[in-house]
A.B. asks: 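Supplied in structure tokens, the structure appears directly below.
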Amino acid sequence: MTGHDVVFVLVGLLTAAAAILTVTSKNLVHAALFLATTLAGIAGVFLVLAADFLALVQLVVYVGAVAVLFLFGLMLTRAPIGREALDNQNRGLAIGVSGGLFVVLSALIVDAVVGGSLGDTTVAEVTGPGIEDIGMAIFAEWVLPFEVLSMLLLAALIGAIVLARREPGDSGEEAMATRIDFGDAPPTEGTDSLSSGSLPELTSGERREGGP
Amino acid sequence: MSFFEQYGTFAILVVLGCLLYALIMVVSRVMRPSVPSPQKLTTYECGVPAEGTGWTQVNIRYYVFAFLFVIFDVEAIFLFPWAVIVGGLDATTPVSPMFAVVAMFLFIGTLLEGLAYAWKKGVLRWD
């Protein structure tokens, strides 16, 4: 085993451990953070396989952005976050599917390496196209998909804004109007702070309704 | 330096960083006095006692900021290969420098439209 193999095995073990912790963690937020660790480990695997641009994509998009979206998704919904125990009823089915998938993939890999078509291949140096090659390919051959991609991202952005924005007249307009009134009129704000001293439950409820 | 030598240097830096962190934590654990008390575990040691848990549902408007981050994160990924090649472009390469610059600014401009839309619709304003 070369040093390269040792690093590959170590990174793989780290990734596998994080993946197991992702599915066994009782706290959903911890599971999301372990998922981010797993994705970072996969970035390490890409790096060991000499695919440094793919590792960069994995780190920036998956660990940076997708993990953030996961955490926001957990915080925006009333998912059982916190210390409440998670217990999914489909655990047996999930074990069956993932175990079956693992056996099939392992069998395919072992078959390819030991008995199959890859049996006689010699060990080659691990190389991959560099970032320069990828950039040249994008701008020499794949310019149209690259520009279409920007339209796709634009569509996703506008879709998210349309879904998340509160139109006037939607439910929740009252809460917005109340907050704007308090902010825009300084004289009433003074009386508001007076009354908030006498009615702590009311103000805390209001703050929880729309505030950060 | 070859590919793995470059990243080997980086890996050594990461390992040394982890070791330094571990060393600092072990030294501070050995040297600090240990006086546990339930007061130290409260959210605000002096102040109003916290009510409920920290795990609450947050406002949907945060989602737009997260989504804006994701979109421009994906954009940033495509800036990397562009930035690597754009300096070395000339008439002999398959891509002309002007073509690469125009293609990238078209890409950025399309996404800036999305940002302008978000700005116009007022989702960036917090009121």
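Throughout, a chain's letter reflects where its sequence line sits, starting with A, and its residues are numbered from 1.
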A.B. asks: For chain B, which of A/Ala156, A/Gly135, A/Ala155, A/Ser150 has the most heavy-atom pairs under 4.5 Å?
C.D. replies: A/Ser150

A.B. asks: Give, for atom CG of A/Leu10 and atom OG1 of A/Thr15, the distance between the pair rounded to the nearest 0.5 Å.
C.D. replies: 10.5 Å

A.B. asks: For B/Tyr63, is it the side chain, the backbone, both, or neither that has a heavy atom closer than 4.5 Å to a heavy atom of chain A?
C.D. replies: both

A.B. asks: Could you check which of A/Ile138, A/Ile131, A/Leu157, A/Ile134 has the highest count of heavy-atom pairs closer than 4.5 Å to chain B?
C.D. replies: A/Leu157

A.B. asks: Considering only heavy atoms, which portion of A/Phe139 lies under 4.5 Å from any heavy atom of chain B: side chain, backbone, both, or neither?
C.D. replies: both

A.B. asks: Using only non-hydrogen atoms and a strict under-4.5 angstrom cutoff, which residues of residues 57-69 of chain A touch chain B?
C.D. replies: A/Val57, A/Val60, A/Val61, A/Gly64, A/Ala65, A/Val68, A/Leu69

A.B. asks: What are the two closest non-hydrogen atoms of A/Ala55 and A/Ala43, and how far apart are they?
C.D. replies: CB-O, 3.4 Å

A.B. asks: Roughly how far apart are A/Leu153 CG and A/Leu149 CG, rounded to 0.5 Å?
C.D. replies: 4.5 Å

A.B. asks: Who in residues 102-119 of chain B is close to chain A, using a strict under-4.5 Å heavy-atom cut-off?
C.D. replies: B/Ala103, B/Met104, B/Leu106, B/Phe107, B/Thr110, B/Leu111, B/Glu113, B/Gly114, B/Leu115, B/Tyr117, B/Ala118

A.B. asks: Please walk me through it: do B/Tyr7 and A/Val48 pass side-chain contact (heavy atoms from CB on, under 4.5 Å)?
C.D. replies: CA-CA 9 Å; B/Tyr7 281 102; A/Val48 173; over 6 Å; no

A.B. asks: Pick one of side chain, backbone, both or neither for A/Leu47, based on which atoms fall under 4.5 Å of a heavy atom in chain B.
C.D. replies: both

A.B. asks: Are there residues of residues 28-39 of chain B whose heavy atoms fall under 4.5 Å of chain A's heavy atoms? If so, which?
C.D. replies: none

A.B. asks: Sort A/Val7 into side chain, backbone, both or neither according to what part of it lies under 4.5 angstrom from a heavy atom of chain B.
C.D. replies: neither

A.B. asks: For A/Leu56, is it the side chain, the backbone, both or neither that has a heavy atom under 4.5 Å from a heavy atom of chain B?
C.D. replies: both

A.B. asks: Please look at A/Asp52 and chain B and tell me whether the side chain, the backbone, both or neither of the residue comes under 4.5 angstrom of a heavy atom of that chain.
C.D. replies: both

A.B. asks: Could you please spell out the steps behind the side-chain contact (heavy atoms from CB on, under 4.5 Å) verdict for B/Thr9 and B/Leu13?
C.D. replies: CA-CA 6 Å; B/Thr9 316; B/Leu13 194 67; over 6 Å; no

A.B. asks: Chain B: which of A/Asp133, A/Val143, A/Leu71 shares the most heavy-atom pairs with it under 4.5 Å?
C.D. replies: A/Val143

A.B. asks: Rounded at 0.5 Å granularity, tell me how far CD1 in A/Ile42 sits from CG in A/Leu54.
C.D. replies: 10.5 Å

A.B. asks: Anything in residues 67-90 of chain B with a heavy-atom distance to chain A below 4.5 Å? Please list those residues in order.
C.D. replies: B/Phe67, B/Leu68, B/Phe69, B/Val70, B/Ile71, B/Asp73, B/Val74, B/Ile77, B/Phe78, B/Phe80, B/Pro81, B/Trp82, B/Val84, B/Ile85, B/Leu89

A.B. asks: Evaluate the side-chain proximity of A/Phe34 to A/Val23: yes if any heavy-atom separation is below 4.5 Å, no if none is.
C.D. replies: no

